[in-house]
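Read through the structure below, which is laid out as structure tokens, and then see the notes.
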Amino acid sequence: MTTTVRPRRLLAASIAGVTALVLSGCADSNADSGGSADGSVSLGFVNGANTHFHTCLQKAVEQTAKAKDAKVYTANSKQDAGTELSNIEDMIARNVSALIVQTVNVDALEGDIAKAKAANIPIYLTSVATDKASDILGAAVVDLKKVGSMDAGWIAKDADGKDVTVGIVAGAPGAASDLLVGGFKKALPANAKVVANQPGMFNPAKAQDVAENMIQAHPKLDYAFVANEEMAFAVRKAFNAAGAKQVKIVSVNGSEDGIAAIKDGRLQATVSNSAAVIGETAVKQTVNLLGDKKVDKISKVPLTLIAKDNVDQAPQYCPK
């Protein structure tokens, strides 16, 4: 069962950086943590946005919760840290057994976690983890720096030592995008020069505008790194319209549309971090940790570089 919760208020908040750490160990569960009236597990899932990734993540959470006989309440923060806090307060009011949060901003979680702890409701994070392992129930972590480095590795291999130029269409400043771009830039070889780096705000229309300006300024661009596939399709459209079909694009997600784009040549590589796996892991681990089962507190999400030569091996991205 899924119930959508509308946020009570919107608060303006800036997006700061996200810190993803590798943590280990097992978590304790409080016997008197919240739950539904009949004693079954109830979960509050606070999603971060409305991209394809977030839609698939929620679907995975809902399907896995149903299989585990857990009730789920859902809310969406729409990339706003203030709305996220409001959503978490709503979930606390519902006395859920635990919160699963795809956060807008890990730095802003400090207040969220403090409120949940005061109400004796643990938080499980998806995609990232905070620097205080003792404050959370657990996390399903995507190594975002590694994601970026894997795309850079594909460019390094493809360029084969030749001097090349690279453009970056990032996501929203701060949060996950900074880690992706940072990992990408650090792993680029010396022969690959970044000549442009602008945010597309995880918005295809904005990304297309960025790409149009980028290709005008750098008509002989060789490669582009785009922070998600939805933006990458718009970037491809802009490049093609400008007569720059030579630009090779690498991206992130491994969605069904992304895999199709690898097959037809619109994209050259992408790193798969399956939303289905993240959502399923989050629910299973939350239920296990609430039940005092000895499982890893922090789970690393598998990553796979997908290109033309292994496109048929891409993991399922979105639950059916």
Side-chain angles (χ1 to χ4, degrees), residues 15 17-18 49 51-53 79 144-255 257-271 273 305-308:
I15 298 179
V18 173
T51 69
H52 183 56
F53 167 80
Q79 295 188 342
L144 295 170
K145 290 183 179 179
K146 184 177 180 181
V147 170
S149 72
M150 291 170 76
D151 272 329
W154 186 90
I155 291 176
K157 182 178 180 180
D158 189 70
D160 195 24
K162 298 189 296 290
D163 289 337
V164 295
T165 54
V166 181
I168 297 173
V169 181
S177 180
D178 283 357
L179 293 173
L180 284 170
V181 172
F184 175 78
K185 290 171 67 177
K186 186 175 181 179
L188 279 176
N191 57 293
K193 181 181 179 182
V194 175
V195 296
N197 182 358
Q198 296 179 331
M201 303 304 294
F202 294 118
N203 182 305
K206 173 65 175 176
Q208 185 167 338
D209 288 342
V210 167
E212 288 170 354
N213 293 332
M214 186 178 293
I215 203 63
Q216 286 177 10
H218 307 281
K220 295 184 179 180
L221 190 69
D222 295 302
Y223 298 93
F225 170 68
V226 187
N228 75 6
E229 290 165 357
E230 290 174 270
M231 291 195 299
F233 304 142
V235 170
R236 176 83 278 163
K237 183 178 178 181
F239 287 168
N240 287 357
K245 293 184 179 181
Q246 83 282 354
V247 183
K248 297 179 180 180
I249 298 176
V250 297
S251 191
V252 179
N253 282 154
S255 67
D257 289 343
I259 298 307
I262 297 288
K263 290 180 179 179
D264 66 26
R266 284 175 292 153
L267 304 182
Q268 279 60 56
T270 192
V271 177
N273 56 316
L305 179 71
I306 304 297
K308 199 86 170 182

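Just the heavy atoms: all of them, side chains too, but no hydrogens, waters or symmetry mates, feed the values below.
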Side chains of [X] and [Y]: closer than 4.5 Å at any heavy-atom pair?
X: Lys185; Y: Asn197; answer: yes
X: Ser251; Y: Phe233; answer: no
X: Asp151; Y: Leu305; answer: yes
X: Val247; Y: Arg236; answer: yes
X: Met214; Y: Leu221; answer: yes
X: Asp222; Y: Lys162; answer: no

Note to self: Angle between ring planes, Trp154 versus Tyr223, binned at 30° and 60°: parallel, tilted or perpendicular?
What the structure shows: perpendicular
Kindly give the heavy-atom pair with the smallest separation between [X] and [Y], and that separation in Å.
X: Phe202; Y: Ser177; result: CZ-CB, 4.2 Å
X: Ala176; Y: Leu144; result: CB-CD1, 3.6 Å
X: Gln79; Y: Ala49; result: CG-CB, 3.6 Å
X: Val169; Y: Met231; result: O-CE, 4.0 Å
X: Gly171; Y: Pro199; result: O-CB, 3.2 Å

Next item on the list: Could you tell me which residues satisfy salt bridge (charged side-chain N to carboxylate O under 4.0 Å, His left out) with Asp158, sequence neighbours excluded, listed by chain and number?
Entry: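 Salt bridge (charged side-chain N to carboxylate O under 4.0 Å, His left out) list for Asp158, sorted by chain: Lys248.
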Check side-chain contact (heavy atoms from CB on, under 4.5 Å) between [X] and all other residues, then give those that pass, not counting sequence neighbours.
X: Asp209; value: Glu212
X: Asp163; value: Asn191
X: Ala192; value: Val164, Val166, Leu188, Pro189

Atom [atom1] of [X] and atom [atom2] of [Y]: how far apart are they, to the nearest 0.5 Å?
X: Thr165; Y: Lys193; atom1: OG1; atom2: NZ; value: 9.0 Å
X: Asn228; Y: His52; atom1: CG; atom2: NE2; value: 10.5 Å
X: Asp257; Y: Leu267; atom1: CG; atom2: CG; value: 10.0 Å
X: Ile262; Y: Ile306; atom1: CD1; atom2: CD1; value: 8.0 Å

Item checked: side-chain hydrogen bond (donor to acceptor under 3.5 Å, both in side chains) partners of residues 259-270, not counting sequence neighbours, each pair once -> Glu229-Thr270, Asp264-Arg266
Check: What pairs with Lys146 under side-chain hydrogen bond (donor to acceptor under 3.5 Å, both in side chains), at least two apart in sequence or on another chain?
Finding: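 Partners of Lys146 under the side-chain hydrogen bond (donor to acceptor under 3.5 Å, both in side chains) test: none.
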Note to self: Using the side chain to side chain contact (heavy atoms under 4.5 Å, CB included) definition, which of the options Ile249, Val181, Val235, Val194 pairs with Phe225?
What the structure shows: Val181
Check: Would Phe184 and Ile155 satisfy side-chain contact (heavy atoms from CB on, under 4.5 Å), going step by step from the backbone distance to the final call?
Finding: CA-CA 10 Å; Phe184 175 78; Ile155 291 176; 3.7 Å; yes
